[in-house]
Amino acid sequence: MNVPSKISNGNTSNSQPVPEAPADGGRMIVLTAPLTEAIDHAGYFIQMAMASLPIWMEGVINRKYPKWREVEHNPDGSARYMPAGVRLVETSLLREYQSDDVVACFPDDLHKFVGPRTRVVAVSTHNPLGVTFAAGVYTSIFGSSKMPINSHYSRELFAKIKANPYRDNFKVIVGGSGGWQIIQTNTYEELSVDCVVEGRSESEDTLELFRKAIQGEELPRRVDVKHPMEREAILFPDTRTTFGVVEMTTGCGRRCKFCVPDLNPQIDLPKEKIMGAVRANVRNGNKQISLATEDMFIWGQVHTDTPFYFPNREALVDLYSDIVNTPGVEQHVLSHCTIAPAVVDPLLIKQLSDLLLPKSPIHFPYLSSHPQKKALAPLIGLETGSLRMAKQIMSSKGVPFSIEDWPSVVLEGLRVLNENNWFPAMTLIVGNPGETDQDVMETIDLVYEIERRGLFAFLIPSIFTPLHDTRMEKEEGVTQTRQLTPLQWQLMMKCWKMNLRPGQYSWWGPMAWRPGSIGMWLYKLRGLNGPNFTWPLLMFSGAISEKNLQRMGKIYRGKPLKVKTRRELIASLKPKDWQYLRADNGDMPVEYIRPVAARAAATL
Ligand code: B12
Ligand code: SF4
């Protein structure tokens with residue numbers, strides 16, 4: 001494509017050595033993402049750790065994964081893999097531009113593709129400034145409240161773009177689930193960003209924005225683009241994505257007030273397109289696949305005659321079976337789901353385990369009953385054990401069960417999951433707006449009940465973050481770790497203490513937390529996190545037993561909960577929902593079985 005002519009200003013005042021201009025003048029549109037969001041070896045956990053550990057702890061990552069910076073390239077120097085977001089932008093643009101005009105590359109290779117011909121550098125980012133939940137809080141606990149590793153590398157990427165000698169010739173457009181962080185912190189100038197796009201790249205509005213940028217027109221600071229409403233309008237890349245991420249659904253439907261993805265329309269994507277993207281990943285050298293979803297269990301049950309919260313067992317088993325049996329797929333990792341479906345259909349969980357465990361790269365030697373100690377670890381929201389809070393912020397989280405039964409749904413769901421070697425990572429929100437000590441105590445009760453029953457989930461507490469555009473956007477909870485109450489600290493540290501029970505996984509946790517915790521507290525954390533942190537930290541370190549701390553009045557050790565069994569939960573459903581239950585799971589209400597049996601007898 002012919003680019004409107006423009007002369008590079010060369011910007012030679014920059015003290016950095018000016019890289020040689022690409023021989024072909026560069027690509028018109030260059031796509032990239034922070035290195036720490038693009039790497040795809042070592043599994044999900046490395047990226048999650050880099051979102052949470054402060055930059056001064058980078059050595060821990062370097063020691064564990066000395067080769068984490070080594071990425072793979074295509075013969076032309078472009079990136080062999082990129083986050084799914086980048087790939088979607090690329091696919092969207094290729095509807096209008098030639099492949100010679102568009103390239104996706106790693107940050108270190110920008111100088112090979114950004115030249116006098118470049119008109120747009122587009123960045124896709126997940127979490128550039130680390131201001132989202134579970135990121136800020138951990139860097140803060142580790143002694144620095146600002147710079148998670150991922151944020152450091154994101155800033156490094158923006159600095160590279162800012163210092164590029166052709167910077168005056170091109171516009172910088174940012175998109176992805178973390179774009180809002182730039183809007184909210186107003187860091188456009190600092191990061192040298194012209195425009196942040198909120199929404200999907202498939203949108204005609206996004207293409208229009210790129211057209212404007214290529215013509216050299218001024219761009220608005222922020223553009224909100226429409227989400228496609230039809231499943232056919234969602235594109236699938238024909239290239240390799242980081243971690244083999246392939247989209248499975250958009251939206252969710254449970255309507256939690258704090259949630260961003262739920263604002264998108266509830267769509268389950270066509271199987272043939274999912275499979276096409278799986279095969280494209282394999283073709284391009286990927287051995288791992290992960291389906292991106294907010295709740296895998298809604299797939300196959302969106303806009304059918306059955307409510308979406310009664311999973312479509314056959315459809316799910318068929319989809320996952322085809323994925324793991326695709327030649328070349330050696331590993332499969334689950335992303336997000338909800339817990340109520342495990343109570344609704346335990347046999348589905350069993351059937352999925354039989355299919356997925358052999359290809360899971362996750363091993364929990366002390367927990368798993370699988371012969372090779374394999375496990376599945378999806379991310380599930382627990383959020384709170386307080387009924388008052390749950391009703392307020394997530395009244396449909398447990399449907400078809402009443403939110404009044406939330407603790408029972410969590411415990412029963414976790415029992416079913418654990419029995420089938422699913423050990424989920426469960427998020428908890430600490431410091432919800434209006435959260436009282438009573439609310440925190442109820443969450444602590446639930447956490448102790450998990451422990452008492454010998455159940456396991458990797459509990460990830462994070463401080464409430466009012467996410468952009470959600471129905472809680474304007475609300476304020478706790479904004480700094482110093483504001484956390486002793487009970488809130490205790491909840492956080494109890495979760496981590498349980499996560500690090502001897503021998504359980506998390507390579508960086510025990511190393512970073514247990515032995516060093518008291519030393520770190522003396523050195524830095526006392527000042528940063530305030531006095532409310534002291535006793536919970538001592539509880540965490542094990543220096544004083546929980547019994548003694550309780551006797552001293554320093555901690556609250558949760559009280560036993562009276563919870564419903566699966567049979568009681570099923571019996572509590574509305575009679576109109578009984579028709580959607582699967583009898584092979586047992587526990588069917590007698591009132592339902594009798595008439596069905598009578599009808600069956602009558603036909604004999
Ligand atoms: C897979 C996934 C992961 C994986 C892999 C991420 C990766 N690098 O590929 C792992 C497990 C590592 C991960 C980690 C984290 N994640 Co994550 N993750 C997801 C998930 C499930 C799918 C992401 C995805 O690839 N979607 C598919 C692609 C196509 O969507 P997309 O990136 O949004 O791209 C679309 C648009 O945004 C837009 N777009 C994207 N880029 C650009 C660029 C331009 C220029 C334009 C115009 C448009 C555009 O177009 C695309 C569609 O056409 C989402 C939930 C979701 N459904 O999106 C959460 C999600 C994005 N993650 C989230 C979070 C919080 C995290 C962590 C911070 C969690 C933590 N504390 O550890 C870390 C951060 C990691 C990091 N490196 O910093 C949140 C983000 C919340 C927010 N809005 O800030 C989400 C929304 C989950 C949630 N329910 O809240 N994550
Ligand atoms: S269940 Fe999860 S994805 Fe669904 S609305 Fe609630 S927080 Fe969002």
If the threshold is 4.0 Å, N to carboxylate O, is there a salt bridge linking Arg254 and Asp262?
no

Between the side chains of Asn264 and Thr250, is a donor N or O closer than 3.5 angstrom to an acceptor N or O?
no

Using only atom types and a distance under 3.5 Å, with no angle test, would you say the side chain of Asp268 pairs donor to acceptor with the backbone of Gly300?
yes

Search all heavy atoms of Ala571 against all heavy atoms of Trp578 and return the closest pair with its distance.
O-CZ2, 4.5 Å

So how far is it from Leu411 CG to Arg453 CZ, rounded to the nearest 0.5 Å?
5.0 Å

Which heavy atom of Trp406 sits nearest to which heavy atom of Gly381, and what is that distance?
CZ2-O, 3.8 Å

Backbone N/O of Val333 and side chain of Ser290: donor-acceptor pair under 3.5 Å
yes

At their closest point, which heavy atom of Arg388 faces which heavy atom of Gly434, and how far apart are they?
NH2-O, 2.9 Å

Minimum side-chain heavy-atom gap Arg200-Lys226 below 4.5 Å:
no

From the list Glu449, Glu451, Glu546, salt bridge (Lys or Arg N to Asp or Glu O under 4.0 Å) with Arg557 holds only for Glu546

The single option from Thr427, Leu414, Leu446 that satisfies side-chain contact (heavy atoms from CB on, under 4.5 Å) with Leu382 is Leu446

Hey, is the main chain of Ile323 close enough, under 3.5 Å, to the side chain of Thr326 for a donor-acceptor pair?
yes

Is Glu314 salt-bridged to Arg582, going by a charged N under 4.0 Å from an acidic O?
yes

Evaluate salt bridge (charged side-chain N to carboxylate O under 4.0 Å, His left out) for Glu404 paired with Lys391, printing each intermediate quantity in order.
CA-CA 8 Å; Glu404 298 280 348; Lys391 277 186 225 162; 3.0 Å; yes

I'd like to know whether CD of Glu230 has more than 12 heavy-atom contacts from other residues, nucleotides or ligands below 6.0 angstrom.
no

Has Met552 got more than 12 heavy atoms of other residues, nucleotides or ligands less than 6.0 Å from its CE?
yes

Please work out which of the three classes, parallel, tilted or perpendicular, describes the rings of Phe458 and Trp496, given edges at 30° and 60°.
perpendicular

Quick check against the 3.5 Å criterion: does Asp587 have a side-chain atom that pairs as donor or acceptor with the backbone of Arg566?
no

May I ask you to check whether Asn432 and Asp439 show a side-chain donor-acceptor distance below 3.5 Å?
no

Short side-chain donor-acceptor distance under 3.5 Å, Ser369 and Asn421:
yes

Trace of the side-chain contact (heavy atoms from CB on, under 4.5 Å) decision for Ile544 with Met539:
CA-CA 6 Å; Ile544 309 177; Met539 175 207 63; over 6 Å; no

How long is the gap from CE on Met588 to CZ on Arg567, to the nearest 0.5 Å?
10.5 Å

Report the distance from atom CG of Asp295 to atom CE of Met248, rounding to the nearest 0.5 Å.
9.0 Å

Is a side-chain N or O of Gln266 found less than 3.5 angstrom from the main chain of Cys252, in a donor-acceptor match?
yes

Measuring only between side-chain heavy atoms, which start at C-beta, is Val344 closer than 4.5 Å to Pro400?
yes

Does any non-hydrogen side-chain atom of Asp405 lie less than 4.5 Å from one of Val563?
no

Non-hydrogen side-chain atoms of Lys564 and Glu412 separated by less than 4.5 Å:
no

Backbone N/O of Ala390 and side chain of Lys397: donor-acceptor pair under 3.5 Å:
no

Has Thr241 got a side-chain atom pairing as donor or acceptor with Ala84's backbone, closer than 3.5 angstrom?
no

Do His370 side-chain atoms and Gln372 backbone N/O form a donor-acceptor pair below 3.5 Å?
yes

Check ion pair Asp318-Arg313 (N to O, under 4.0 angstrom):
no

Would you compute the distance between atom CG of Leu484 and atom CD of Glu435 and round it to the nearest 0.5 angstrom?
9.5 Å

Donor-acceptor side-chain pairing of Thr293 and Trp299 below 3.5 angstrom:
no

Side chains of Leu291 and Tyr320: closer than 4.5 Å at any heavy-atom pair?
yes

Atom pair OG1/CD1 of Thr249 and Ile298 - distance to nearest 0.5 Å:
4.5 Å

Provide the closest heavy-atom pair for Ile460 versus Ala425 in the form atom of the first, atom of the second, distance.
CD1-CB, 3.9 Å

Check ion pair Lys559-Glu442 (N to O, under 4.0 angstrom):
no

Examine the side chains of Gln288 and Tyr44 and answer whether a donor and an acceptor come within less than 3.5 Å of each other.
no

Find out whether Thr338 and Pro341 are in side-chain contact, i.e. whether some heavy atom of one side chain is under 4.5 Å from a heavy atom of the other.
yes

Any side-chain donor-acceptor pair under 3.5 Å between Asn548 and Arg551?
yes

With a 4.0 Å cut-off on N to O distance, would you call Glu330 and Lys359 a salt bridge?
no

Candidate pair Leu417 and Ile349, rule side-chain contact (heavy atoms from CB on, under 4.5 Å), full reasoning:
CA-CA 7 Å; Leu417 293 178; Ile349 303 299; 3.9 Å; yes

With no hydrogens and no angle check, just 3.5 Å: does a side-chain donor-acceptor pair link Asn127 and Glu37?
no

side-chain contact (heavy atoms from CB on, under 4.5 Å) for Leu581 and Ile570? Distances and angles first, verdict last.
CA-CA 9 Å; Leu581 295 169; Ile570 294 290; 3.6 Å; yes

Compare all side-chain heavy atoms of Leu561 with those of Ser408 and state whether any distance is below 4.5 angstrom.
no

Would you call Tyr366 and Lys373 a side-chain contact if the rule is heavy atoms closer than 4.5 Å?
no

Does Val447 form a side-chain contact (heavy atoms from CB on, under 4.5 Å) with Leu428? I'd like the steps, not just the answer.
CA-CA 10 Å; Val447 166; Leu428 290 96; 4.3 Å; yes

Calculate, to the nearest 0.5 Å, the distance between atoms CG and OG belonging to Leu348 and Ser353 respectively.
9.0 Å

Checking Tyr309 now: which residues fulfil ring pair (Phe, Tyr, Trp, His ring centres under 6.0 Å) with it, not counting sequence neighbours?
none

What's the shortest heavy-atom distance between Ser360 and Ala375, and which atoms?
OG-O, 2.5 Å

Kindly give the heavy-atom pair with the smallest separation between Ala292 and Ser335, and that separation in Å.
CA-OG, 3.9 Å

Give a yes or no answer on whether the side chain of Glu247 reaches the backbone of Phe236 with a donor-acceptor pair at less than 3.5 Å.
no

Please check: side-chain N/O of Asn418 versus main-chain N/O of Trp422, any donor-acceptor pairing under 3.5 Å?
yes

